[in-house]
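Written below as structure tokens is the structure these notes are about.
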2 protein chains.
Amino acid sequence: MAAGYSARMTPTSAPFDDLDRKIVTALMANARTSFAEIGAAVGLSATAVKRRVDRMRETGVITGFSATVEPAALGWRTEAYVEVYCEGAAPPRRLAEVMRNHPEITAAMTVTGGADALLHVRARDVEHFEEVLERIRVEPFIRKTISYMVLSHLLPESPEAGASQPAPEA
Amino acid sequence: MAAGYSARMTPTSAPFDDLDRKIVTALMANARTSFAEIGAAVGLSATAVKRRVDRMRETGVITGFSATVEPAALGWRTEAYVEVYCEGAAPPRRLAEVMRNHPEITAAMTVTGGADALLHVRARDVEHFEEVLERIRVEPFIRKTISYMVLSHLLPESPEAGASQPAPEA
DNA sequence: CATGAAATAACATGGGT
DNA sequence: ACCCATGTTATTTCATG
């Protein structure tokens with residue numbers, strides 16, 4: 001049951017009520033909270049909470065559980081966003097392939113505006129970042145890059161803090 | 001015990017060996033893995049693993065455990081990066097204060113380049129995003145914004161995938 | 001609800017300084 | 001001899017059918 005995503009996870013596919021929302025919020029705050037404790041908070045039995053969590057994993061609402069780590073503590077002290085400009089029409093498939101070759105690229109996406117892609121890059125230090133950049137620049141299709149080094153964070157780096165809010169749902 | 005960070009978490013403060021690295025890697029892959037299972041994988045007893053995890057939480061290496069969620073499933077279908085330009089000298093403290101007022105801002109940082117800050121924003125849809133943008137624009141200090149809407153992701157949105165690698169450590 | 005597994009605390013041991 | 005990290009055991013809580 002590797003990375004089993006449900007075929008359908010459109011907004012209205014699986015019923016997603018306030019209890020689910022509260023359960024997700026609790027698990028985003030602490031993924032190791034016991035089902036019993038969550039149940040006590042939302043008014044369900046531990047078993048009922050487990051059933052809902054299992055269902056949300058199956059439907060792809062919850063994609064996993066992860067420890068959040070201070071990157072600097074692991075030796076990643078440099079962070080940057082990199083705009084990538086490609087030669088001619090940039091084939092997204094080939095572009096994605098290139099991105100997978102560089103473990104320092106933690107996120108890559110196509111965006112509006114002039115750039116063909118925007119990358120998030122983590123490196124040990126400025127020297128390492130420069131080396132990564134040179135490695136990216138010699139890839140086929142890549143014409144030029146523009147880097148924005150992150151100087152300091154204005155908000156705590158909580159994992160998807162914003163998306164953990166009550167959830168809008170139109 | 002709100003946000004209790006240890007006084008010292010400089011790179012060399014707490015010994016951080018290969019076992020710690022393996023434990024962190026395991027917990028990033030699945031934050032609900034039992035200490036016993038991790039122990040079996042790294043060659044330690046469950047108790048020893050727990051002690052190391054507790055220590056890493058105290059020293060700030062591990063900042064928490066979080067469920068990873070598909071934002072679209074929670075109703076957040078629009079994502080953008082926003083460059084912020086301020087009037088005159090932008091005071092980072094006041095800027096941070098402003099950022100906290102908008103829950104849709106999931107990350108905010110100062111960066112090199114012309115912009116005073118770079119924001120990551122999640123919204124329900126384009127209409128909602130426009131509303132957020134207007135709300136940000138009328139804040140004091142804010143002179144103008146430039147938005148880059150995310151079109152599609154080229155890599156799976158794993159939580160800090162890159163930083164989970166073996167860890168460089170100079 | 002019942003059973004096996006996990007978390008956690010208390011206590012004991014061995015290595016290294 | 002001390003300190004630190006680990007292992008062992010026992011108890012409570014949890015996961016899960």
Side-chain angles (χ1 to χ4, degrees), chain A residues 1-6 14-70 73-75 159, chain B residues 1-69 159 166-167 169:
Chain A
M1 62 142 200
Y5 277 21
S6 156
F16 187 78
D17 59 21
D18 286 325
L19 266 63
D20 287 322
R21 243 185 289 277
K22 287 178 185 171
I23 291 168
V24 167
T25 301
L27 285 172
M28 289 185 75
N30 181 4
R32 288 181 77 94
T33 309
S34 74
F35 297 147
E37 187 176 333
I38 296 172
V42 306
L44 284 177
S45 73
T47 304
V49 172
K50 179 193 177 339
R51 271 194 295 260
R52 281 173 179 258
V53 171
D54 286 344
R55 179 171 53 72
M56 287 191 280
R57 295 201 53 164
E58 281 169 10
T59 56
V61 174
I62 294 174
T63 57
F65 302 97
S66 177
T68 57
V69 164
E70 180 64 49
L74 272 78
Chain B
M1 65 136 198
Y5 277 159
S6 156
R8 304 180 72 258
M9 47 184 227
T10 47
T12 54
S13 74
F16 187 78
D17 58 20
D18 287 326
L19 265 57
D20 287 322
R21 245 183 287 277
K22 287 178 186 169
I23 292 169
V24 167
T25 302
L27 285 173
M28 289 185 74
N30 180 7
R32 288 181 76 94
T33 309
S34 75
F35 297 146
E37 187 177 334
I38 297 172
V42 305
L44 282 178
S45 71
T47 308
V49 173
K50 178 196 178 334
R51 272 192 293 255
R52 280 172 178 260
V53 171
D54 287 344
R55 178 170 55 72
M56 287 192 279
R57 295 200 54 166
E58 281 168 10
T59 56
V61 174
I62 296 174
T63 57
F65 302 98
S66 177
T68 57
V69 163
E169 200 55 58

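Throughout, a chain's letter reflects where its sequence line sits, starting with A, and its residues are numbered from 1.
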How close do B:Phe35 and B:Ala46 get, counting heavy atoms only, and between which atoms?
CB-O, 3.6 Å

Quickly work out the B:Phe16 CZ to D:dA5 C1' distance and round it to whole Å.
17 Å

In Å, rounded to the nearest 0.5 Å, how long is the span from OG1 of A:Thr59 to CE of A:Met56?
7.5 Å

Whole Å only: how far is the CG atom of B:Asp54 from the C1' atom of D:dC4?
16 Å

At the 4.0 Å heavy-atom cut-off to chain B, mark where contacts on DNA chain C begin and end, going 5' to 3'.
C:dA6 to C:dA9

With A:Asp54 as reference, evaluate A:Arg51, A:Arg52, A:Lys50 under the side chain to side chain donor-acceptor pair (under 3.5 Å) test and give the passing residue.
A:Lys50

Check A:Ala31 against B:Ala67 and note the closest heavy-atom contact, atom names and distance.
CB-N, 3.6 Å

Smallest heavy-atom separation, B:Arg32 atom then A:Thr33 atom, equals NH1-O, 3.2 Å

In residues 39-51 of chain B, which ones come under 4.0 Å of DNA chain C, going by heavy atoms?
B:Thr47, B:Lys50

Any non-hydrogen side-chain atom of A:Ile38 less than 4.5 Å from a side-chain atom of A:Leu27?
yes

Looking at every non-hydrogen atom in both residues, tell me the closest pair between A:Asp17 and A:Asp20 and how far apart they are.
OD1-N, 2.9 Å

Has the side chain of A:Thr68 got a donor or acceptor atom that lies under 3.5 Å from a matching backbone atom of B:Gly64?
yes

Taking CZ from B:Arg52 and P from D:dC4, how many angstroms apart are they, rounded to a whole number?
15 Å

When the distance from CZ of B:Arg55 to C1' of D:dA5 is rounded to whole Å, what number comes out?
9 Å

